[in-house]
Structure formats: C-alpha cells, structure tokens
Amino acid sequence: MMLIPTHHFRDIERKPEYLQPEKCVPPPHPGPVGTMWFIRDGCGIACAIVTWFLVLYAEFVVLFVMLIPSRDYVYSVINGIVFNLLAFLALASHCRAMLTDPGAVPKGNATKEFIESLQLKPGQVVYKCPKCCSIKPDRAHHCSVCKRCIRKMDHHCPWVNNCVGENNQKYFVLFTMYIALISLHALVMVGFHFLHCFEEDWTNQQQAYGLPREGTAEARTSLHEIKQPLKSSTECSSFSPPTTVILLILLCFEGLLFLIFTSVMFGTQVHSICTDETGIEQLKKEERRWAKKTKWMNMKAVFGHPFSLGWASPFATPDQGKADPYQYVV
C-alpha cells in the first residue's frame, strides 16, 4: 500500500459540521504492549468452540476408528502425520485469525485536538464514524459486532469470532485452506476404509456377533470358527460395526460440508486479494479510488514480502511495512 504526503479521506456528508468533534471523548489510553485482541461476542465464541469441536471430532474418528486399528502401519503412520499436521496448522491459523487485530481504527480519535494535528489543507475533508467516533480512512468500514471501524474490512466471520481485515486476512485464508485440505483428506481415508474393511472385517464381525441366516448346526459351527481368528487378528475398527458406520457417516457429512464451504471461501478470498477489492466493496459496488496493482503485488501485500514458505505458515507475520493508517492512495 503506497503512502502519499497529504491526508485524503472519503467524504460522505461533505459537511464540516458533521464531524462535531466536541461530542467525541478523548481516545482511550493504549493498552499494554502485547495485549490480546479478543471480541466478546457470545455467538462468535460459540461458533469458535464448535469449530474446534468439529476438528477434534474428525481427529478422534481418523485416529481411533481408521488409523490406529489398521493392519497397515506404514499407511497409518503416514496418514496420521499428514492429517495431524494439517489439523494443527488449521487450528493455529484459526487462533491467529481470531486473536489478531484485523486493523481497527483508533476509537474516539475524532477530537478537536486530533483533527487539528492532521493539518488539513483547504478543501480536504474527513469522515467521522458516528458510531465509534473515529476518523475513518478510506476503505474502512464499521463493524457492528466488533464496534470498531476496520481497515480493509472484508466481512465479519463468526467462525473465527473476528472481522477479516487488513492485518489478519492471511490467517483467515490459511484457515480455510487447511480446513478444506483436512476435509478432503478425511473423505479419502473414509473411502479407503469402506473399500478395504467393509467386506473383510465388518462382514466377519456381523457373522460372529449375529446369527447367520442359516439357523443350522453347520452355521453354528462356522460361527465358532469365525470367532477364534477375530480375537487374535487386528480389526479395522475398535468399535462395533454399527457404531463405526455412524461415526464414519457423521465424518463424511462434516467433511463434505466443510470442504464445499471452505473451498468456496478460499476461492472468494483469493479472488478478493488478486483484485484488491474487499467483499464489502464488491457488495456495495464502491467506486475504486485506490491505485491498481498487479495480482502478484496484491498477494505479497497480504502474505508478505518476498515470497517464501512463510506464506503457508500461520506463525509467520507478513511484512506489510509500517504505514500510517490514514494515508492511502485514492
């Protein structure tokens, strides 16, 4: 994002008296360094807890229903490492998206002293948000849930209990990507589990624990013969066939639902980044007042300079430069 020497703000009312700085209290003192950003919204907190619960449920089914009881130890180890790594990165991305300041404009800074410090030239105008009493820069929008104006706000996502804005869009994109990947991985493993285990172990277990269709002495003899190897062999699941089927069907439903949802969100976010146009700007069809850059430059503005493996890491903070939040190219 390029800097300009003068202050230029979006004007809505175009009336100087609309600012009414005397009605704004001085901005609160900044909190101590390292203060965690967290939105106290009941719905968002509940959605965030549900998100973690669903990921941990998938973790439970993958490990204890499919991988640990499997006879193929190489298959179990490889898929266990891959799935747990993706799940860890997904949850880490979720935490970073939820606990990172999305780009909040200082609250209550539309005071007379602050406006005078801007040293506006004749003809220059500013826009004051009447809800949070702050001087709002271009491309910032007020969030009724966060109760703050957010720079380059794309939308408020209850699943991460936070707005998606200038400072945390990278983590939200990684969150959607890793959730889509673990959903796809879980669906593939469920497919292999049905393919290799249903006819082999599950059919034997059903015959062993339920009377065969032929109610003859010969059938009862075969039942006794089947029970013996089952006690010494490794089964495809530690649970009974009905319980296993229910757990896998629920995992399939969850994986398919989240694969579709997060894939769409991932594609939407990438498109928004490449076009340098937020979801709110697209929805409102706002006139473009900022410099147009290449898609690659837009990607680097979100994920950091230069391109590296850090783009895929939720622990790498993108280097976006220290820009004045009130100076934008328009």
Side-chain angles (χ1 to χ4, degrees), residues 1-10 37 89-90 92-105 127 136-143 146 148-157 159-160 162-181 260-330:
M1 188 169 293
M2 299 177 61
L3 295 176
I4 56 177
T6 59
H7 297 274
H8 193 102
F9 299 89
R10 179 176 52 179
W37 173 274
L89 292 173
S93 300
H94 183 271
C95 287
R96 291 300 302 270
M98 180 171 58
L99 303 178
T100 299
D101 182 350
V105 177
Y127 172 51
K136 184 160 63 172
D138 282 313
R139 307 191 70 183
H141 295 84
H142 184 85
C143 175
C146 298
R148 299 287 292 275
C149 286
I150 308 297
R151 298 192 300 272
K152 291 186 67 175
M153 174 182 170
D154 187 88
H155 69 287
H156 183 91
C157 179
W159 297 106
V160 298
N162 201 2
C163 276
V164 178
E166 185 177 67
N167 295 340
N168 68 341
Q169 189 173 25
K170 170 191 172 179
Y171 310 124
F172 181 76
V173 172
L174 293 181
F175 169 66
T176 58
M177 181 182 72
Y178 287 126
I179 290 293
L181 289 177
I260 296 174
F261 177 73
T262 55
S263 296
V264 171
M265 286 300 301
F266 175 77
T268 302
Q269 288 295 304
V270 172
H271 177 266
S272 175
I273 293 172
C274 291
T275 58
D276 193 19
E277 192 174 15
T278 66
I280 292 181
E281 291 166 348
Q282 295 176 13
L283 184 63
K284 293 184 175 180
K285 297 181 179 179
E286 294 186 1
E287 179 184 358
R288 191 183 187 95
R289 297 176 301 276
W290 53 92
K292 188 175 182 179
K293 296 177 289 187
T294 64
K295 295 180 180 179
W296 186 243
M297 288 297 297
N298 292 331
M299 291 291 289
K300 290 195 293 184
V302 173
F303 291 94
H305 300 266
F307 172 77
S308 66
L309 291 177
W311 280 27
S313 172
F315 302 101
T317 302
D319 181 15
Q320 299 172 332
K322 298 181 180 179
D324 185 341
Y326 298 103
Q327 295 179 336
Y328 295 94
V329 171
V330 297

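In what follows, residues are counted from 1 in the order of the sequence shown.
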Exercise for review: For residues M177 and L89, determine if any side-chain heavy atom of one lies less than 4.5 Å from a side-chain heavy atom of the other.
Suggested key: no
Check your understanding: Are side-chain heavy atoms of M98 and N168 found at a separation under 4.5 Å?
Key -> no
Point to revise | Interatomic spacing from SG in C163 to CZ in F172 - rounded to 0.5 Å | key: 11.0 Å
Point to revise | Close side-chain approach of Y171 and P102, heavy atoms under 4.5 Å | key: no
Review point. Which pair of non-hydrogen atoms, one from Q269 and one from H155, has the smallest distance, and what is that distance?
Key: NE2-CE1, 3.7 Å
**Study point:** Where S263 and A180 come nearest, the two heavy atoms and their spacing
**Key:** OG-CB, 3.8 Å
Exercise for review: Salt-bridge test for D101 and R151: reply yes if a basic N is under 4.0 Å from a carboxylate O, no otherwise.
Suggested key: no
Practice item. Answer whether the closest heavy-atom distance between the side chains of W290 and E281 falls below 4.5 Å. Key: yes
Review point. Have N162 and W37 got a donor and an acceptor in their side chains that come within less than 3.5 Å?
Key: yes
Revision key, fill the gap. d(T262 OG1, F175 CZ) to nearest 0.5 Å is 8.0 Å
Point to revise | S93 versus L174, closest heavy-atom pair with distance | key: OG-CB, 3.5 Å
Exercise for review: Please answer whether the main-chain N or O of T268 pairs with a side-chain N or O of S272 as donor and acceptor at a distance below 3.5 Å.
Suggested key: no
Practice item. Look up atom NZ in K136 and atom NE2 in H141, then write down how far apart they are to the nearest 0.5 Å. Key: 6.5 Å
Review point. Where does the angle between the aromatic ring planes of F261 and W159 fall among parallel (under 30°), tilted (30 to 60°) and perpendicular (over 60°)?
Key: perpendicular
Check your understanding: Which heavy-atom pair separates N298 from C274 by the least distance, and what is that distance?
Key -> ND2-O, 2.9 Å
Point to revise | Derivation and outcome, side chain to side chain contact (heavy atoms under 4.5 Å, CB included), residues V160 and H94 | key: CA-CA 6 Å; V160 298; H94 183 271; 3.8 Å; yes
Check your understanding: Just by distance, do the side chain of D319 and the backbone of H305 share a donor-acceptor pair under 3.5 Å?
Key -> no
Practice item. Would you check if V173 and I273 make a side-chain contact, meaning some heavy-atom pair closer than 4.5 Å? Key: yes
Check your understanding: How many angstroms lie between OG1 in T278 and CD1 in I150, if you round to the nearest 0.5 Å?
Key -> 12.5 Å
Practice item. Give me the one residue out of K295, K152, M297 that meets side chain to side chain contact (heavy atoms under 4.5 Å, CB included) with D276. Key: K152
Review point. If you look at every heavy atom in V105 and P137, which pair is closest and at what distance?
Key: CG2-CD, 3.7 Å
Practice item. Find out whether Q282 and T275 are in side-chain contact, i.e. whether some heavy atom of one side chain is under 4.5 Å from a heavy atom of the other. Key: yes
Review point. Side chains of F307 and M299: does their closest heavy-atom pair fall under 4.5 Å?
Key: no
**Study point:** K170 side chain to S313 backbone, donor-acceptor under 3.5 Å
**Key:** yes
Point to revise | Heavy-atom closest contact (W311 atom, G304 atom, distance) | key: NE1-O, 3.2 Å
